[in-house]
2 protein chains.
Amino acid sequence: MTPAAERVLEVAGKLFYDNGIHAVGVEGIASEAGVTKKTLYDRFGSKDALIAQYLRRRDERWREHLIRVVEQRGRISPSRRLLLVFDALEKWIADENPRGCAFVNAHAELPDATHPGRDVIREQKQWLLEYLRTLAREAGARNPRKLATSLLVLVEGATVTTTLGVVPGAVGNAKEVAKQLIESS
Amino acid sequence: MTPAAERVLEVAGKLFYDNGIHAVGVEGIASEAGVTKKTLYDRFGSKDALIAQYLRRRDERWREHLIRVVEQRGRISPSRRLLLVFDALEKWIADENPRGCAFVNAHAELPDATHPGRDVIREQKQWLLEYLRTLAREAGARNPRKLATSLLVLVEGATVTTTLGVVPGAVGNAKEVAKQLIESS
DNA sequence: ATTGAGGTATACCGACCGGTATGGTTACTA
DNA sequence: TAGTAACCATACCGGTCGGTATACCTCAAT
């Protein structure tokens with residue numbers, strides 16, 4: 001990844017997320033990144049490929065953030081680690097996600113199932129589900145897959161309701177529900 | 001609402017939902033509805049106004065559907081009525097919502113908080129929360145507001161995860177969690 | 001009988017879209 | 001020292017965008 005490409009990807013990430021994908025032109029991305037359109041196309045090939053890269057980059061950031069919070073050192077029980085997911089989410093929304101889940105938003109704008117970005121979206125949610133499942137298993141859940149599914153629903157629901165601004169304390173609420181679920185499983 | 005306007009709104013609803021708002025041009029809507037652009041602009045004034053009308057119409061349809069399922073005749077306990085929300089959701093997703101919540105999707109495409117469509121989005125979620133609160137109160141919940149919030153999180157989360165295709169049985173899962181929440185409240 | 005509302009058809013506007021072409025500059029490297 | 005990768009700047013391509021203008025038609029209500 002060349003320096004110019006790095007700048008393009010950073011700017012694209014900000015503009016795509018803040019304004020929506022279709023609302024942002026490659027011209028604007030290039031100029032804001034201090035790069036010519038030619039360079040952008042030399043590095044990424046097409047806008048669609050750039051979109052996929054944007055999503056991939058964001059996925060990496062989210063995974064790192066989540067893992068950093070959940071797998072922090074200290075004597076924490078596996079059940080409590082599972083709840084840390086919601087703490088990570090709350091911080092993520094506050095710091096980097098005021099306009100909702102980038103993947104849900106991208107999915108809304110990319111109806112074509114063959115779009116390269118769609119793979120990234122699928123992988124992102126799939127990974128999160130698997131991660132929750134692993135944590136659930138470590139927490140000794142009788143049915144880790146089922147608990148993980150419930151938790152994913154809570155995470156996604158809390159994200160949507162928070163960013164739509166109807167329920168400010170949705171993440172905390174979801175965490176409480178999760179606590180109850182974990183205890184009774 | 002003139003016949004031509006009705007056709008425009010119907011076509012716009014289908015195209016906006018299926019393809020995303022920005023991806024659809026007024027030209028395409030007009031021609032598909034068998035109407036000239038002039039007529040479209042005479043009736044709706046602008047694309048943004050048409051977007052707001054599209055959302056309003058869809059909100060009406062969802063409310064009618066939900067109420068029809070939840071308030072069906074028969075001897076049903078208030079607690080069970082609360083669970084019927086998830087049956088209504090499952091049918092709604094299968095019949096009319098394969099690409100996710102139209103309001104969440106629209107929110108992703110309309111970052112400008114002053115856009116006329118944003119009011120409709122806010123009202124839609126607000127109404128649903130209020131409706132759930134009423135049902136929760138009738139079901140004898142100790143804290144109806146809190147229960148309603150939890151249920152809204154479950155509804156939104158189930159919708160997102162289902163339409164993203166990661167968890168096919170998400171609505172059923174959410175319903176089970178809801179059942180547990182209702183019983184313990 | 002006239003008027004006005006609700007249409008039709010066509011043409012136009014400036015602006016922007018994603019993407020390409022040409023050509024030149026710098027800097028590292030084989 | 002020759003070559004190449006990574007940029008720069010500018011101009012261009014066909015097509016589409018939201019929105020407007022002009023002119024004509026039909027039909028029900030005053």
Side-chain angles (χ1 to χ4, degrees), chain A residues 1-57 105-106 108-112 114-118 120, chain B residues 1-57 105-106 108-112 114-118 120:
Chain A
M1 186 81 71
T2 65
E6 195 68 47
R7 261 148 51 214
V8 167
L9 197 49
E10 187 177 345
V11 168
K14 185 172 165 31
L15 293 183
F16 281 153
Y17 181 75
D18 288 345
N19 303 101
I21 292 170
H22 282 333
V24 176
V26 287
E27 188 92 54
I29 295 171
S31 73
E32 185 113 345
V35 154
T36 59
K37 265 206 287 186
K38 173 133 192 338
T39 300
L40 187 152
Y41 275 92
D42 282 348
R43 298 293 138 251
F44 296 95
S46 69
K47 185 184 182 182
D48 287 335
L50 179 58
I51 292 168
Q53 283 276 62
Y54 144 65
L55 291 171
R56 220 173 288 277
R57 171 66 62 97
N105 290 358
E109 292 204 75
L110 307 175
D112 177 8
T114 70
H115 191 287
R118 288 287 293 266
V120 188
Chain B
M1 186 83 70
T2 65
E6 194 68 47
R7 260 147 50 214
V8 167
L9 198 49
E10 188 177 343
V11 168
K14 186 171 165 31
L15 293 182
F16 281 153
Y17 182 74
D18 288 345
N19 304 101
I21 291 172
H22 281 333
V24 176
V26 288
E27 188 93 54
I29 295 171
S31 73
E32 185 113 345
V35 154
T36 58
K37 265 206 289 184
K38 174 145 192 323
T39 300
L40 188 152
Y41 275 91
D42 282 348
R43 299 292 136 249
F44 296 96
S46 70
K47 185 184 182 181
D48 287 335
L50 179 58
I51 292 167
Q53 283 274 64
Y54 144 64
L55 291 170
R56 219 173 288 278
R57 171 66 63 98
N105 291 357
E109 292 204 75
L110 307 176
D112 177 10
T114 69
H115 191 287
R118 288 288 293 267
V120 188

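In this text the structure is predicted, and so the values were computed from the model without any measurement. Within every chain, numbering begins at 1; the chains are lettered A, B, ... in the order of the sequence lines, protein sequences first and strands thereafter.
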Working to the nearest 0.5 angstrom, can you tell me the gap between B:R57 CZ and B:F16 CZ? 13.5 Å
Would you kindly give the CG-to-P distance between B:L40 and D:dC17, to the nearest whole Å? 13 Å
Expressed as a whole number of angstroms, how long is the span from A:I21:CD1 to C:dG18:P? 12 Å
When rounded to whole Å, the CG to C1' distance for the pair B:D42 and C:dG7 reads 9 Å
Looking at side-chain heavy atoms only, is the closest gap between A:D112 and A:R118 below 4.5 Å? no
Could you give the NZ-to-C1' distance, from A:K38 to C:dT20, as a whole number of Å? 10 Å
From CD of A:E27 across to C1' of C:dG18 the rounded distance in Å is 10 Å
Closest of C:dG19, D:dA23, D:dC7 to the A:K37 side chain is C:dG19
N/O (side chain, A:S46) to phosphate O (OP1/OP2, C:dG18) under 4.0 Å: no
Need one value for A:G34: base, sugar-phosphate or nothing, where a base atom within 4.0 Å counts as base even if backbone is also close, heavy atoms only. sugar-phosphate
Taking only side-chain N and O atoms of B:R43, does any of them lie within less than 4.0 angstrom of OP1 or OP2 on C:dA5? no
Separation of C:dG19 atom C1' from A:L50 atom CG, nearest Å, is 14 Å
So B:T2 and B:T39, do their side chains get closer than 4.5 Å, heavy atoms only? no
Measure from the side chain of B:Y41, starting at C-beta and using heavy atoms only, and say which of D:dG18, D:dC7, C:dT10 lies closest. D:dG18
Would you say a side-chain N or O of B:T2 is under 4.0 Å from OP1 or OP2 of C:dG7? yes
Can you tell which of D:dC7, D:dA23, D:dG19 lies closest to the side chain of B:K47? D:dG19
Can you measure A:H22 atom NE2 to D:dC17 atom P for me and round it to whole angstrom units? 12 Å
With a 4.5 Å cut-off on side-chain heavy atoms, are A:I21 and B:H22 touching? no
What is the separation between atom CG on A:D48 and atom C1' on C:dG18, rounded to the nearest whole Å? 10 Å
Would you indicate what B:V24 reaches in the nucleic acid, counting non-hydrogen atoms under 4.0 angstrom: base, sugar-phosphate, or nothing? sugar-phosphate
Reckon B:T36 has a side-chain N or O less than 4.0 Å from the OP1 or OP2 of C:dT8? yes
Does any non-hydrogen side-chain atom of A:V8 lie less than 4.5 Å from one of A:R43? no
